[in-house]
Novice: 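Encoded as structure tokens, here's the structure I'll be asking about.
By convention here, the first residue in the shown sequence is residue 1.
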Amino acid sequence: MDLPASLLHPARAPITPALRALRLCLHLLMAGLLALAALRADSAAGTVLALVTGAVYAAGSYLPSVRESQRAAAVWLGALGVSWLAMLCLTPEALWVAFPLYFLQLHLLPVRWSLPAVTLTAVAAILSYVGHGAALNPGVFIGPLLGAAVAVATVLGYQALYRESERRRRLIEELIATRAELAAAERHAGTLAERERLAREIHDTLAQGLSSIQLLLRAAERALPPGSPAAGHIDRARQAAQDNLAEARRFVRALSPPDLEHGSLAAALERLCEPGVGDYGPAAGPYGPGAGPRVRFSVSGTPVELPTPYEVALLRIAQSALANTVRHAAASRAEITLSFMDASVTLDVVDDGTGFEPGSVRPSSDGGFGLPAMRSRAESLGGTFTVESAPGQGTAVAVSLPLPAGV
């Protein structure tokens, strides 16, 4: 039975105040109608059957098996119906009990059984009234049938409202869960962005300042005459600056993206090309879940250790370029190439997708890293960023960063 709750049985659903009131009204209605039938019965047998029907009803209201099993509820309804039919044969007053029976049948039986049961109950009430010698008139037929129609409309309407309420409750729960997941994702993204910002600030200000102090102290040390008493102080100051520079660089490494924490930039880019890995979302775009372009990674030249801001920028640009490929290009293949040259490092991301007109691109509106953001990353490190594409001819993204002195 696909029924959310019963007016009679509290075990079928959580009892709300409205359901508790409706169930109490049903009990009072059944008790009052049985009492009326017992008092107005023409024989002692009719009174006894009214009491038996009341006992069967009371037993079914409180037996755990009836509350927990649809089969037991059907058996109980059958016994209640038999006792009511027997009472109906002895007194016409019993036909009024049909009205609460309608509600019980509609609540405790599936729709395919409850509607025929309600119809048979109404027919039995009409035949009983006629069989006891009542004159035929429209009210004899309209009363039981109208009561059955009201019961059907009330119960089925209540069930429809309950299902709609449950659907909305589940939707609200899903929305709350989704909002919590979105908030967690935003917090995580904000944390990563703040880590990257702090790493850039430390590298561009504190680390560069300490490096400049070292150079100045070394120049001052060379300019001192031999045996100068200031030489020891300058040497200790230079050593302190060197120690603090090393500490600043450790901070920068600790604040680098998680993809770079356990390996080099080349290893992070190679992991980015594995199926289902990377921040670019291989399940997005036109491919569907678990699909996407085949991505290959290669290294050209002799790898050198890059400053953390360089590694962060190149990794984020690669992720962003792959995101664009997956979401917009409908490509079957893509290739990432990291090239180390004498004075620069270059990253190329090429795909065989649909291509586009680079001049028609507008800033991304979804909060992602679009082409303007990639260009800004490259130019912030003194590099260049270029995009070559045309409709139907794929896309090539290239970024070139000058290697700092000493790398």
Side-chain angles (χ1 to χ4, degrees), residues 188-272 299-319 338-347 369 373-385 398-407:
H188 181 65
T191 300
L192 292 180
E194 183 64 11
R195 288 174 60 174
E196 291 183 29
R197 187 190 69 81
L198 289 175
R200 286 197 300 271
E201 292 295 330
I202 293 174
H203 178 271
D204 295 341
T205 57
L206 181 61
Q208 295 299 332
L210 290 172
S211 181
S212 298
I213 291 172
Q214 272 195 301
L215 293 175
L216 293 172
L217 289 173
R218 187 176 287 111
E221 191 175 31
R222 287 196 298 268
L224 288 176
S228 172
H233 298 293
I234 292 179
D235 181 66
R236 285 191 295 273
R238 187 170 58 82
Q239 185 62 43
Q242 182 176 351
D243 293 342
N244 282 273
L245 177 60
E247 186 68 21
R249 286 173 175 167
R250 280 195 293 272
F251 275 119
V252 171
R253 285 194 297 271
L255 292 170
S256 62
D259 304 285
L260 298 173
E261 289 180 356
H262 305 292
S264 63
L265 172 63
L269 291 173
E270 189 169 7
R271 286 194 300 272
L272 191 65
V299 178
S300 174
T302 302
V304 297
E305 185 175 354
L306 297 173
T308 298
Y310 278 52
E311 293 186 338
V312 171
L314 292 173
L315 176 62
R316 292 308 188 206
I317 290 173
Q319 289 172 331
L338 182 63
S339 303
F340 292 91
M341 291 172 276
D342 293 338
S344 64
V345 57
T346 302
L347 177 73
F369 290 111
M374 288 189 272
R375 186 183 305 278
S376 176
R377 280 187 180 274
E379 292 177 351
S380 68
L381 296 174
T384 59
F385 178 83
V399 56
S400 178
L401 303 178
L403 292 177
V407 175

Novice: Contact between Arg377 and Val312 at the side-chain level, heavy atoms closer than 4.5 Å - yes or no?
Specialist: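 When only atoms from C-beta onward are counted, Val312 and Arg377 do touch, with a gap below 4.5 Å.
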Novice: Let me confirm one number: the CE-CG distance from Met374 to Leu314, rounded to the nearest 0.5 Å.
Specialist: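 Separation between the atoms: 12.5 Å.
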Novice: On a heavy-atom basis, which atom in Leu401 and which in Ala378 lie closest, and how many Å separate them?
Specialist: CD2-O, 3.7 Å
Novice: Would you name the heavy atoms of Leu403 and Met341 that are closest together and state the gap between them?
Specialist: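 So the two residues come closest at CD1-O, 3.5 Å.
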Novice: Among Leu306, Thr346, Leu269, which residue meets the side chain to side chain contact (heavy atoms under 4.5 Å, CB included) test with Leu338?
Specialist: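 Between Leu338 and the candidates, side chain to side chain contact (heavy atoms under 4.5 Å, CB included) is satisfied uniquely by Leu269.
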Novice: In Å, rounded to the nearest 0.5 Å, how long is the span from CG of Leu381 to OG of Ser400?
Specialist: 11.5 Å
Novice: State, without any angle test, whether Gln239 and Arg236 hold a side-chain donor-acceptor pair at a distance under 3.5 Å.
Specialist: no
Novice: Which distance, rounded to the nearest 0.5 Å, do you find between the CD of Gln242 and the CG of Leu217?
Specialist: 11.0 Å
Novice: Examine distances only and state if a side-chain atom of Arg375 and a backbone atom of Phe385 form a donor-acceptor pair shorter than 3.5 Å.
Specialist: yes
Novice: Please give me the minimum heavy-atom distance between Tyr310 and Val345, naming the atom from each residue.
Specialist: CD2-CG1, 4.4 Å
